[in-house]
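Report on the structure given below.
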Amino acid sequence: HGQRRTLSGMRAGRAAADTLQTEIESLVSGERKLQGEILACEERIIMLNKQAADEAARLENVRKLQDAMEKLKESQHREEVEASEWNMIEHAFGRNGIQALEIDAAGPELSEITNHLLHACFGERYDVSFVTLDSKKTGGTKEVFDLKVIDHERGRECQAARMSGGEKTIISEAVSLALAIYVGRHSGKKFETLFRDETSGALDPENADQHVAMLRKAREVGGFHQVIFIAQQPSIWKQADSIFSVDFRSGSVSIGHGAE
């Protein structure tokens, strides 16, 4: 009977040992599984850290690109502002800008000076006006600088280019002198001498006196100290106050006095 109990105890102990062994093996297997999962998690963490570093690098590149883009936008804005300013300057100095304003402003004063010279030397026969705007065929207006002349003696209005040689010379000289006077007034400088180079070529003797009188009037109106002019017609140069004559055939030079 005692042996039976001993055998039964041994069997129970063996069964308990087997159960414990099974549990140990199960725990060992679970531990190995957990270690595998831990390794997998560590590898995952390493991979995620690498991805995070890559993302941080990409974000840094994006930030740098954004900064560069902002600088490019600022540079572009500056370029656009500068281009706009240059375009404004180009327009201002173009034919429709300051030039047009200068022409519009010069027209009335040039007309006044020209008419003053003509009336003082040729009476009321001629009146001139400068036209600064003309109609376009397609509509609207365009900037021009045309000279229109009214000949009261003949009762007609025409452009100076269509007048006869002598008449054209008279008008052309009056306009040229008016331009010289206008430039002298608005240049900010004091011009002492007015030069004329053979501008009386087409004048007949009847208009010679008036031509020299117009030169004298221009000197007075323009505030010049003297007028030096070159002329080949004796009827013109003999009326000068002082005469500097050159004979190209003989090479002689003489200085004399003309009209006082």
Residues which pass salt bridge (Lys or Arg N to Asp or Glu O under 4.0 Å) with [X], listed by chain and number, not counting sequence neighbours:
{"X": "E42", "result": "none"}
{"X": "E153", "result": "R125"}
{"X": "R249", "result": "D247"}
{"X": "E220", "result": "K217"}

- Item | Pairwise distance OG1(T114) to NE2(H119) - rounded to 0.5 angstrom |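 Separation between the atoms: 10.0 Å.
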
What are the two closest heavy atoms between [X] and [Y], and how far apart are they?
{"X": "L110", "Y": "A178", "answer": "CD2-O, 3.7 Å"}
{"X": "S111", "Y": "S129", "answer": "OG-CA, 3.6 Å"}
{"X": "F229", "Y": "W237", "answer": "CE1-CA, 4.2 Å"}
{"X": "N115", "Y": "Y126", "answer": "OD1-O, 4.2 Å"}

- Query: Does CD in E25 sit with more than 12 non-hydrogen atoms of other residues, nucleotides or ligands closer than 6.0 Å?
  - Reply: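 Above 12, so yes.
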
- Message: The criterion is side-chain contact (heavy atoms from CB on, under 4.5 Å); which residues satisfy it with S245, sequence neighbours excluded?
- Response: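 Testing S245 for side-chain contact (heavy atoms from CB on, under 4.5 Å), a comparison that skips the adjacent residues, returns I243, S254.
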
- Name all residues meeting the side-chain contact (heavy atoms from CB on, under 4.5 Å) criterion together with A218; count only those two or more places apart in sequence or in a different chain, and write none if there are none.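 With neighbours one apart ignored, the set is L117, L177, I181, L194.
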
Hydrophobic clustering (ILVMFWY, side-chain heavy atoms < 4.5 Å, transitive) - are [Y] and [X] grouped together?
{"X": "L118", "Y": "V221", "value": "yes"}
{"X": "L179", "Y": "V128", "value": "yes"}
{"X": "I230", "Y": "V212", "value": "no"}

- Item | Pairing of R58 and D54 as salt bridge, 4.0 angstrom limit |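 Salt bridge: no.
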
- Query: Taking 4.0 angstrom as the limit, do R216 and D241 come out as a salt bridge?
  - Reply: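 Yes.
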
- Connected-component partners of I228 among ILVMFWY, side-chain separation under 4.5 Å: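 Noted: I228 shares its cluster with F195.
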
- Message: List the residues meeting side chain to side chain donor-acceptor pair (under 3.5 Å) with E112, not counting sequence neighbours, and say none if there are none.
- Response: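 In terms of side chain to side chain donor-acceptor pair (under 3.5 Å), with neighbours along the sequence ignored, E112 is linked to no residue.
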
- Message: Enumerate the salt bridge (Lys or Arg N to Asp or Glu O under 4.0 Å) contacts for residues 169-193, please, sequence neighbours excluded, ordered by first and then second residue.
- Response: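 Listed by first then second residue: E109-R185, E173-R196.
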
- Item | salt bridge (Lys or Arg N to Asp or Glu O under 4.0 Å) contacts touching residues 27-39 (sequence neighbours left out) |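 Residue pairs with at least one partner in residues 27-39: there are none.
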
- Query: In chain order, what residues pass the ring-ring contact (aromatic ring centres under 6.0 Å, His included) check against H186, with sequence neighbours excluded?
  - Reply: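 ring-ring contact (aromatic ring centres under 6.0 Å, His included) check on H186 returns Y182.
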
Could you give the side-chain donor-acceptor pairs of residues 61-76 under 3.5 Å, partners two or more places apart or in another chain?
| residue | atom | partner | partner atom | Å |
| --- | --- | --- | --- | --- |
| N61 | ND2 | A57 | O | 3.4 |
| R63 | NE | E60 | OE1 | 3.3 |
| R63 | NE | E60 | OE2 | 3.4 |
| R63 | NH1 | D67 | OD2 | 2.9 |
| R63 | NH2 | E60 | OE2 | 2.4 |
| Q76 | NE2 | E80 | OE2 | 3.3 |

